[in-house]
Amino acid sequence: MQTLISLLEERLRTAVSYAGEIEPRVTGTADPRFGDYQTNVAMLLAKQQRANPRQIATQIIERLDVSGICETPEIAGAGFINFRINTAFLNRRFNELCHDEMLGVSRAKPKKIVLDFSGPNIAKPMHVGHIRSTIIGDTLARVARFLGHEVIADNHLGDWGTQFGKVIYGWKNWRDEAALAARPVEELVRLYKKANALSEQDETVLRACRDELVKLQGGDAENIAIWRQCVELSWHEFEQMYALLDVHFDKHLGESSYNDRLAPLVAKLESTGIAEQSEGATCVFFRDDSALADKPCLIRKTDGGFLYATTDLATIEYRIERWNPDEIWYVVGAPQALHFEQVFGVARKMGVTAQLRFIPFGSILGEDRKLMKTRSGDNVQLRELLEEAQQRARAVVEQKNAALSDEEKNEIATVIGIGAVKYADLSQARMTDYVFSWDKMLSLQGNTAPYLQNAFVRIRSIFRKIETGSWEAGKEDGALAEPSEISLAKKLMQFGETVPLVLDDFRPNILANYLYELANTFHGFYEACPVLKADEPMRSTRLALCDLTARVLERGLSLLGIRAPEKM
RNA sequence: GCGUCCGUAGCUCAACUGGAUAGAGCGUUGGCCUCCGAAGCCAAAGGUUGUGGGUUCGACCCCCGCCGGACGCACCA
């Protein structure tokens, strides 16, 4: 289904073709007084031609055919052309929308996309710092799929690093089987910390840890077996977090999957002259790029070891060979900007043509406004956050809806609590840093997920009250009349305009903002217009509005990875 | 030192990428449940968008200079 914006742009394109090359753009208006949609194309043309914008606007309107869509367009301000949708068209459009499975969203030209996100480290707990990549990545996957793209969601786990020397040393000397069974990651962290602390005091422990690492890297059977258990135990615990968050992956190919490709890759880069020796290390220089001229990408250390960038390059090579995607998206924190600039630069030198897109996000800061460090153990853990969220939601459910069974209350508390946490993150612009705050992440009032869920619940409650058969979706032929009916219908039509914008610049928050506005408009309608007590055909029209609102809310929330409960 | 990102109401954040009188939530103040779920609705107060210039019909947004902050700049990931 074509959006109103693209319909208006199409008509405008024909109307302005006389004036030369220009792509007219239509946007929603800032204020209903200016109608529903506007274009600034007359002002842009006027600038090109050094002419009077209002005169140009008049000429455009003379050539513009939007009859049957809007009232006569008006010229306002410095030369805006304002459009007001006419009621007959709105009614027809609303009816079509009620029957559209895609709820007004048109599918995009399908692409194959590898989406790299989350990527927690094995043997370390997931903390609040991991939540952004996980949630933003999952939302982008959901939106991309809804628009018709093929997405391969790949969790690039940090399962191969120097920390394993210490973990293995600890494992061999102090592991507690019971603790390992109950809270595996916690136990692995304990072992790591103990080994770390001791090796700072005792040279022999430090050396022993290094030996374990060398043995692991050399393929020692015992150490490989221990490492594999660490991976499995950690992954098992991560899976619980992902299940709770309702986040899913198609692949979880960790860094270790690429070990065998590192040496051949470096050899290839050297033999093709892309990489060279410098100060004993192997690196790739970007001499033709002034910004990167003094920032080579290191791919092999003086001691022969490989680096982060080497693994990432091998990963790109693998993904291209295996899937030949059109694009690869990386949802990774903004501090890694330089790293990815370098890696992408090397990839291009290697002849990679797939679009490589770095999708950075702002950091979560501690109370001191400093970055929450992954290394310092005193971060708020993800498990803690999600448990607290459920508890707070549970307390509110208890107070609002005491009659429900315990099972229902718990189920609702999960949907509400987790939804609130996800929405708190997704409703924010991607690049802004934010200070972690329990109250903010766990707020259940105002611009939050429960606000949207509540609108949905109100609607479901209405439908529980009508007899089956007394209303059927799609049978209505009433007319939108009340102002709050009309503004709700108009808002519903914007869903199709909003969803594709999310992928334009990878901004889930514009979908979140839209859903908030939709819920807000619905609440306004709900206060102003009785539904069940209205006379026919008004009742049917209002039921249709409710039904469509519920479907858009449910779909929109599901694109954000948030569930819509029947009751709360 | 160089580079990247950022600075908006008391607090936390938006602003459809250059559009019209900069909007929400929290908090504060006042009003609305004998009516479909009050996790809601309505209203009030709150701003020189860090700062000084520039570009233009028009700037929170683009350019330059300051001030303040976070992060990154060769062998961690």
Side-chain angles (χ1 to χ4, degrees), chain A residues 27-31 33-34 38 40 43 46-47 52-53 76-80 82 119 121 158 160-163 255 278-283 291-292 294-303 305-309 311-312 333-339 341 360 362-363 365 369-371 374-375 393 396-397 399-401 416 424 427-429 431-435 437 439-440 443-448 450-451 453-455 457-466 494 497-498 501 504-505 507 509-510 513-514 516-517 519-520 523-524 526-534 542 546 567-568:
Chain A
T27 60
T29 53
D31 190 308
R33 282 179 305 137
F34 303 132
Q38 62 174 227
N40 62 357
M43 290 182 286
K47 187 172 250 176
N52 180 323
F80 292 100
N82 293 336
N121 288 323
W160 196 257
T162 48
Q163 77 268 29
E255 292 166 349
S278 170
E279 296 173 30
T282 309
C283 34
L292 289 178
D294 60 338
K295 294 183 173 57
C297 179
L298 265 75
I299 56 174
R300 184 165 215 166
K301 297 190 282 184
T302 314
D303 69 5
F306 303 106
L307 293 121
Y308 183 26
T311 311
D312 274 355
Q336 315 245 9
L338 177 59
H339 166 74
E341 209 181 328
S363 309
L365 310 175
R369 293 204 69 89
K370 298 267 183 188
L371 193 65
T374 313
R375 290 193 174 174
V396 178
V397 176
Q399 167 204 332
K400 302 267 181 194
N401 226 333
I416 303 285
S427 59
Q428 205 146 127
M431 279 307 293
T432 28
D433 293 351
Y434 66 86
V435 177
S437 138
D439 285 341
K440 182 190 167 181
S443 164
L444 306 176
Q445 258 143 24
N447 188 355
T448 62
Y451 181 87
Q453 291 166 323
N454 183 44
V457 164
R458 279 178 146 186
I459 298 170
R460 299 305 304 155
S461 175
I462 288 174
F463 282 98
R464 273 195 300 274
K465 288 190 167 60
I466 66 175
Q494 292 169 16
E497 296 159 6
T498 308
L501 287 180
D504 271 7
D505 200 22
R507 299 191 305 168
N509 73 309
I510 67 172
N513 294 348
Y514 164 77
Y516 176 72
E517 285 169 17
N520 185 245
H523 283 307
Y526 184 90
E527 300 285 334
C529 301
V531 176
L532 296 176
K533 291 188 172 178
R542 290 181 179 174
C546 288
K567 296 176 186 175
M568 63 191 277

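First the proteins, then the strands, lettered A, B, ... as listed; each starts at 1.
Atom CG of A:L292 and atom C1' of B:C73 are 11 Å apart (whole Å). One atom, CD of A:Q453, and another, P of B:G37, lie 18 Å apart when rounded to the nearest Å. The distance from atom CZ of A:R542 to atom C1' of B:C35 is 13 Å, rounded to the nearest whole Å. Here the P atom of nucleotide B:G72 and the CG atom of A:L338 are 11 Å apart, to the nearest Å. Taking atom CE of residue A:M43 and atom P of nucleotide B:C57, one finds them 12 Å apart after rounding to whole Å. Taking atom CD on A:Q428 and atom P on B:C6, their separation rounds to 14 Å, with Å as the unit. A:D504 places its CG atom 13 Å from the P atom of B:C16, with the value rounded to the nearest Å. Taking atom CD of residue A:E527 and atom C1' of nucleotide B:G37, one finds them 11 Å apart after rounding to whole Å.
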Quiz item: What string of B, S and - do you get for nucleotides 20-28 of chain B, 5' to 3', if B is base contact, S is sugar-phosphate-only contact and - is no contact with any protein heavy atom under 4.0 Å?
Solution: BB--SSS--
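Shown here for A:L307 and A:L298, the closest heavy-atom pair between the two residues is CD1-O, 3.7 Å. Considering all non-hydrogen atoms of both residues, A:S278 and A:C283 come closest at CB-SG, 3.7 Å. Considering all non-hydrogen atoms of both residues, A:P53 and A:A46 come closest at CA-CB, 3.5 Å.
A:C546 comes within 4.0 angstrom of no nucleic acid atom, judged by non-hydrogen atoms across all strands. A:F463 comes within 4.0 angstrom of no nucleic acid atom, judged by non-hydrogen atoms across all strands. Contact annotation for A:E279: base contact, defined as any heavy-atom pair under 4.0 Å involving a base atom. Within the nucleic acid shown, A:N509 comes within 4.0 Å of sugar-phosphate atoms alone, with no base atom in reach, counting heavy atoms only. The residue A:A334 sits apart from the nucleic acid: no heavy atom pair falls under 4.0 Å. Across all strands, A:K533 comes closer than 4.0 Å only to sugar-phosphate atoms, never to a base (heavy-atom distances). A:I510 comes within 4.0 angstrom of nothing in the nucleic acid, heavy atoms only. Residue A:Y308 is in base contact, counting any heavy-atom pair closer than 4.0 Å across all strands shown.
Here SG of A:C546 is found 5.5 Å from CD1 of A:I459. Values are rounded to the nearest 0.5 Å. Here the straight-line distance linking atom CD1 of A:I416 with atom CG of A:N454 works out to 8.5 Å at 0.5 Å rounding.
Stem analysis of RNA chain B (at least three stacked-register Watson-Crick or G-U pairs, each with both distances under 3.5 Å) gives B:1-7 with B:67-73, B:10-13 with B:23-26, B:28-32 with B:40-44, B:50-54 with B:62-66.
Considering only the side chain of A:M568, B:G37 comes nearest among B:C73, B:U17, B:G37. The side chain of A:A429 approaches B:A14 more closely than any other nucleotide in the set B:A14, B:U56, B:C16. Closest to the A:V531 side chain, of the nucleotides B:C76, B:G40, B:C36, is B:C36.
Residue side chain A:N40 reaches the base of B:G19 through a donor-acceptor N/O pair under 3.5 Å, judged by distance alone. Contact of A:T311 with B:A77 (side chain to base): no donor-acceptor pair of N or O atoms is detected under 3.5 Å.
Straight-line distance between the C1' atoms of B:A15 and B:U8: roughly 10 Å, to the nearest whole Å. Nucleotides B:G25 and B:C41 are separated by 8 Å at their P atoms, to the nearest Å. On the P atoms, B:G40 is 23 Å away from B:G23, given to the nearest whole Å. B:A14 sits 14 Å from B:G50 when the P atoms are compared, rounded to a whole Å. B:C62 and B:C26: their P atoms are spaced 31 Å apart (whole Å). Rounded to a whole angstrom, the distance from the P atom of B:U51 to that of B:C67 is 15 Å. Look at the P atom in both B:G19 and B:C60: the space between them is 10 Å, to the nearest Å. Taking atom P in both B:A24 and B:C32, one finds a spacing of 23 Å when rounded to whole Å.
Taking 4.5 Å as the limit, every side-chain heavy atom of A:Y451 sits out of range of all side-chain heavy atoms of A:Q445. At least one side-chain heavy atom of A:M568 sits under 4.5 Å from a side-chain heavy atom of A:V457. Within the 4.5 Å cutoff, side-chain heavy atoms of A:R542 are placed close to those of A:P530. For the pair A:Q336/A:Y308, a side-chain contact is recorded, criterion being any heavy-atom separation below 4.5 Å from C-beta on.
Under 4.0 angstrom from either OP1 or OP2 of B:G37 there lies at least one side-chain N or O belonging to A:K465. Checking the phosphate oxygens (OP1, OP2) of B:A15, a side-chain nitrogen or oxygen of A:R507 falls inside 4.0 Å. Side-chain N/O atoms of A:R300 include none lying less than 4.0 angstrom from OP1 or OP2 on B:A74. Phosphate proximity of B:U12 to A:T432: absent, as no side-chain N or O sits under 4.0 Å from OP1 or OP2.
At distances below 3.5 Å, not a single donor-acceptor pair connects side-chain atoms of A:D433 with backbone N or O atoms of A:G362.
Between A:E527 and A:R458 there is a salt bridge, since at least one side-chain N of the basic residue sits less than 4.0 Å from a carboxylate O of the acidic one.
Of the two residues near RNA chain B, A:H523 and A:P335, the one whose nearest nucleotide lies more 5' is A:H523. Each of A:M431 and A:G280 was matched to the nucleotide of RNA chain B holding its nearest heavy atom; the match closer to the 5' end belongs to A:M431.
The glycosidic torsion of B:U17 lies within 90° of 0, which places this base in the syn conformation. Base orientation of B:C41: anti (glycosidic angle beyond 90° from 0).
The salt bridge (charged side-chain N to carboxylate O under 4.0 Å, His left out) search around A:R507 returns none, not counting sequence neighbours.
Checked against the 6.0 Å centroid criterion, the rings of A:F80 and A:F34 do not qualify as a close aromatic pair.
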